[in-house]
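Indexing begins at 1, ligand by ligand and atom by atom, following the structure's order. Keep in mind that what you see is a predicted model, and the values were worked out from it rather than measured.
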Amino acid sequence: MDASNPPLSRAELVVDAEAIRGNVALLAAQARRSGAATMAVVKADGYGHGASTAARAALAGGATWLGVRSQAEALALRADGIIADILCWLHEADEDFTEAVRHGVTISVAAQATLQAVVRAARQLGTTADIHLKIDTGLSRNGATRDDWPALVAAAAEAESAGQVSVDAVWSHLACADEPGHPSIDAQAERFDAAYRVACDAGLHPMRHLANSAATLTRPDLHFDLVRPGIACYGLNPVPGHTEVRLRPAMTLRSRVALVKRVPAGEGVSYGLTWTAPRDTTLALVPVGYADGMPRLLSGRMSVWLAGARRPIAGRICMDQFVVDCGDDPVRPGDPVVLFGAGDHGEPTATEWADAIGTIDYEIVTGLYRPRARRHVVDLPGESGPPEAAHNGGDRA
Ligand SMILES: *Cc1c(COP(=O)(O)O)cnc(C)c1O
């Protein structure tokens, strides 16, 4: 990363907003080829990159919609001055939607109770609420069942006639889009089509959206009116082997060496003494640990980029620190350490971390704990403003 921005805290997340903008531009170009618009998913604080940072970069890259989990996440974007269309889809029991409706946030409706709550909010405000009806086509998570669908559609159509809601879309979510050719994808697409026809027969004229990142990349026939990429916006590829669209990871995790010491051959390192120096060697202490969200399972399975080379983590990762074996190479306190990044210089990537411990990179980038791991945004050109670190670690994103 930019050498003029040395890490200011022990664990620093550097977010490359330009990479997000570029990734979204590539995804939006794919979508446009099928006549679809792009909703960038910025839930979970923009997959750990900062929701507003990610949202602004995505909008600059050509997204026209933003997708978030909850009303609260949507309202936080509005509070940050973001006026683009926003869809929120996961609600609490008895949620009050007044603020979402007041701020023009589109609400996903998958149940009669939600529809009623949205209608209440719209009537109270004397306005029409925008909704997207969600059908469960096989993920069995969020979404109305096929049994409940006709009655939900009928009730929504009635509320639309009464001017309480506008049913702007019918949508669903795929279970196995990251396994191209999986038979469930076409099966879900068929159910989706049937649900759409029920809505049309009820007199609705909704858009359709179904595709996450993986389907955006691999199934142009399922782009419909809008695609909903999340992970790919951040430069991580959910489809192993798919290299057509050149995505760029936007997050770097870095730190600096806190202490350097020389130990003789045979000396054990870290809790449990699971690693023993095979020769006289230099150890570097890095002040990042599992309390920062670094998976302890990476102990003995990962290396870091330090002083121009990849160097193995020696022994167990602790709560606040870990040790790196540097052999006889000269390293000094203060030397930058890249734990993961875009991979340009040979540093590990978030995907490598995930592969090493049998998880997905989604979990790596969303799992770093702030404010311990402080975030520093490298802004889009022209978007100036003090880095968040300048105002004491406040979450600028
Ligand atoms: C998270 C999410 C997405 C984005 O998924 P990716 O695999 O990150 O592209 C799209 N739609 C819904 C409903 C989601 O929950």
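Using a 4.0 Å cut-off between a side-chain N of Lys or Arg and a carboxylate O of Asp or Glu, R197 and D201 do not qualify as a salt bridge. Salt-bridge check for D292 with R374: failed, with every basic side-chain N at 4.0 Å or more from each acidic carboxylate O. Ion pair R56/D379 not flagged as a salt bridge, since none of the NZ, NE, NH1 or NH2 atoms sits closer than 4.0 Å to an Asp/Glu carboxylate oxygen. A salt bridge does not link D186 to R191: none of the charged nitrogens lies less than 4.0 Å from a carboxylate oxygen.
For R78, the salt bridge (charged side-chain N to carboxylate O under 4.0 Å, His left out) test picks out no residue, with sequence neighbours left out. By the salt bridge (charged side-chain N to carboxylate O under 4.0 Å, His left out) test, D221 pairs with R219, sequence neighbours left out.
Interface of R141 with ligand 1, defined as ligand atoms under 4.0 Å from a residue heavy atom, comprises 15 (O). Proximity to I231 (heavy-atom distance under 4.0 Å) selects the following atoms of ligand 1: 6 (P), 8 (O), 9 (O). In summary, the atoms of ligand 1 found under 4.0 Å from a heavy atom of Y47, numbered by their order in the structure, are 1 (C), 4 (C), 5 (O), 6 (P), 8 (O).
Considering each of R228, M39, H173, K43, the one bringing a non-hydrogen atom nearest atom 15 (O) of ligand 1 is K43.
The protein heavy atom nearest to atom 9 (O) of ligand 1 is S213 OG, 2.5 Å. What sits closest to atom 7 (O) of ligand 1 on the protein, heavy atoms only, is Y362 OH, 2.6 Å.
Polar contact check, V41 against ligand 1: no nitrogen or oxygen pair lies under 3.5 Å apart. Geometrically, ligand 1 and W171 share no nitrogen or oxygen pair separated by less than 3.5 Å. The shortest N or O to N or O distance between A232 and ligand 1 is not under 3.5 Å. Residue K134 places no N or O, backbone or side chain, under 3.5 Å from any N or O of ligand 1.
When all heavy atoms are compared, the tightest approach of A307 to D335 is CB-OD2, 4.5 Å.
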